[in-house]
Colleague: 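One structure coming up, written as structure tokens, with questions to follow.
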2 protein chains.
Amino acid sequence: MREASGYEIKKMIEEDVFGHFIEASYGSIYPALGRMTEEGLLSVRSEEQAGKPDKKVYTITPSGLSELAMALEVDPAKDKFRSEFLFQMLLGEMLPANHLALIYEAQIDYLREEIARIKQRGDESEQHDGMQFVSKYGIVSLSAGLNYLEENKQEFLGRLNKAKATKQ
Amino acid sequence: MREASGYEIKKMIEEDVFGHFIEASYGSIYPALGRMTEEGLLSVRSEEQAGKPDKKVYTITPSGLSELAMALEVDPAKDKFRSEFLFQMLLGEMLPANHLALIYEAQIDYLREEIARIKQRGDESEQHDGMQFVSKYGIVSLSAGLNYLEENKQEFLGRLNKAKATKQ
DNA sequence: TGACTTTATATCAATTTGATATATGTTCAG
DNA sequence: CTGAACATATATCAAATTGATATAAAGTCA
């Protein structure tokens, strides 16, 4: 278990592979860090830095570690997936054709970048089993979506245009 | 655009195909319905029902329709995916082998059900283009994940057990 | 040089969740 | 045939979360 500051935790969630299925903002991270320190689950060490505010480096305590182990031993909640892109596709008939084509392409780019990012992180450092497992899971899921978008682009955009033309 | 009550909207999100990528609770649906009615985006009609509270059936107004069209004409936010299952896999080494195997199997079942549900809804009623598109997107994404879980089950669970044995 | 990005913590209004309250009808096992 | 559980239906609320903003200084780059 590595040590980290609140800022570094946020960065990890944004940039590391597991950012694919975990999310948290400063407004939840900092209060959680404070509360968990009070409860003895974490210990803090302040690193002084010229100018910048002190960097508070948190480390998990033995107590925190056993609490974590307990917290993991429950049935996980269902996966949650939200996609404004798919919502816009669902109501595609209401959108101008050029905007639809634009966001379709943007989504393809976004998925390509996301997959590339996960792959790259995996290559950079050798990962433990769990990290490798979730990385590959992310890659296959996102790739399936990307592949679907690439294969159905012409047909879907074309069909929607025809559907709209018919309605007018 | 069909008409619906708050309760029916919740049911749709839970049970219909687009529930795969949309979520909302009563605490957000009812206030939103009220606010949007005040703003003239929706109209309400109360259906009296013996015993049960009146069913409030909402319909989108022309004003609401044009507001919706405008709201759709923006760049969609990034997809969000959260998975406690993957989080537990990430930290798989901290979990007892039997619990790990249990939730692994449960996740496979969950994905199978989810895929079956989307497929079934598609067969039940002929869908418009957008609905068909998002249904298939969901099916291919979830299937890729399911497939990955099925193919890597032995190896991943076995490797984690070995890793834990080594550490002790 | 001046604008933008990065490091770093923290707070806050607004929104959202998940749970609960209320009330009645339906369904199904024992 | 009864009683428990589930479904219909609206609504609210504490607690959690988001997304934005504040503060402050260093580094980067045109």
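Here the structure is a predicted model, which means the values were calculated and not measured. A, B, ... follow the sequence lines: proteins, then strands. Residue 1 opens every chain.
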Colleague: Could you work out which one of C/dA8, C/dT17, C/dA10 sits closest to the side chain of A/Lys80?
Modeller: C/dT17
Colleague: Ignoring backbone atoms, test whether B/Lys56 places a side-chain nitrogen or oxygen under 4.0 Å from the OP1 or OP2 oxygen of D/dA11.
Modeller: yes
Colleague: Does a nitrogen or oxygen in the side chain of B/Arg82 sit under 4.0 Å from OP1 or OP2 of C/dT17?
Modeller: no
Colleague: Hey, does A/Gly27 reach any base, or is it just sugar-phosphate, or nothing, if we go heavy atoms under 4.0 Å?
Modeller: base
Colleague: Measure CG/B/Leu33 against P/D/dT12 and give the value in whole Å, please.
Modeller: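 It works out to 13 Å between those atoms.
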Colleague: Has A/Tyr7 got a side-chain N or O lying under 4.0 Å from the OP1 or OP2 atom of C/dT9?
Modeller: no
Colleague: Check whether the ring centres of A/Phe133 and B/Phe156 lie less than 6.0 Å apart, and answer yes or no.
Modeller: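 Yes, the ring centres sit under 6.0 Å apart.
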Colleague: Give the nucleotide from the list D/dT10, C/dA8, D/dT18 with an atom nearest to the side chain of B/Lys55.
Modeller: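 Nearest to the side chain of B/Lys55 among the choices is D/dT10.
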Colleague: If you draw the axis of the six-membered ring of A/Tyr26, does the NZ or CZ of A/Lys10 fall within 45° of it and under 6.0 Å from the ring centre?
Modeller: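 So A/Lys10 does make the cation-pi contact.
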Colleague: Taking atom NZ of A/Lys11 as the centre, does the number of heavy atoms from other residues, nucleotides or ligands within less than 6.0 Å exceed 12?
Modeller: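 For A/Lys11, atom NZ is crowded (more than 12 foreign heavy atoms under 6.0 Å).
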Colleague: If you find the nucleotide of DNA chain D closest to A/Tyr26 and the one closest to B/Tyr30, which residue's nucleotide is nearer the 5' end?
Modeller: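 In this pair, the answer is B/Tyr30.
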Colleague: Taking the nucleotide of DNA chain D with the closest heavy atom to each, which residue, B/Ser28 or A/Ser28, is nearer the 5' end?
Modeller: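 Result: B/Ser28.
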Colleague: In whole Å, what is the span from the NZ atom of B/Lys11 to the P atom of D/dC6?
Modeller: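 Rounding to the nearest Å, NZ of B/Lys11 and P of D/dC6 are 13 Å apart.
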Colleague: How many Å lie between CE on A/Met12 and C1' on C/dA8, as a whole number?
Modeller: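 In whole Å, C/dA8 C1' and A/Met12 CE are 14 Å from each other.
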Colleague: Rounded off to whole Å, could you give me the CE-to-P distance for the A/Met36 and D/dA16 pair?
Modeller: 14 Å
Colleague: Between C/dT9 and A/Ser5, is there an OP1 or OP2 to side-chain N/O distance shorter than 4.0 Å?
Modeller: yes
Colleague: In whole Å, what is the span from the CD1 atom of A/Ile13 to the P atom of D/dT17?
Modeller: 12 Å
Colleague: Closest approach to the side chain of B/Glu23, judged atom by atom: which nucleotide of D/dT10, C/dT17, C/dT9 is it?
Modeller: C/dT17
Colleague: Counting heavy atoms from C-beta on, name the nucleotide in C/dA8, C/dT17, D/dA7 closest to the side chain of B/Ser25.
Modeller: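 The closest nucleotide is C/dT17.
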Colleague: On a heavy-atom basis, which atom in A/Gln127 and which in A/Arg121 lie closest, and how many Å separate them?
Modeller: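 Scanning both residues, the minimum pair turns out to be NE2-O, 3.9 Å.
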Colleague: Rounded to whole angstroms, how far apart are NZ on A/Lys10 and C1' on D/dG19?
Modeller: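 About 9 Å, once rounded to whole Å.
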Colleague: Angle class for the A/Phe85/A/Tyr104 ring planes (parallel below 30°, perpendicular above 60°, tilted otherwise)?
Modeller: perpendicular
Colleague: From CD of A/Glu3 over to P of C/dA8, roughly how many Å is that when rounded to an integer?
Modeller: 13 Å
Colleague: Atom CD1 of B/Ile9 and atom P of D/dT10: how far apart are they, to the nearest Å?
Modeller: 9 Å
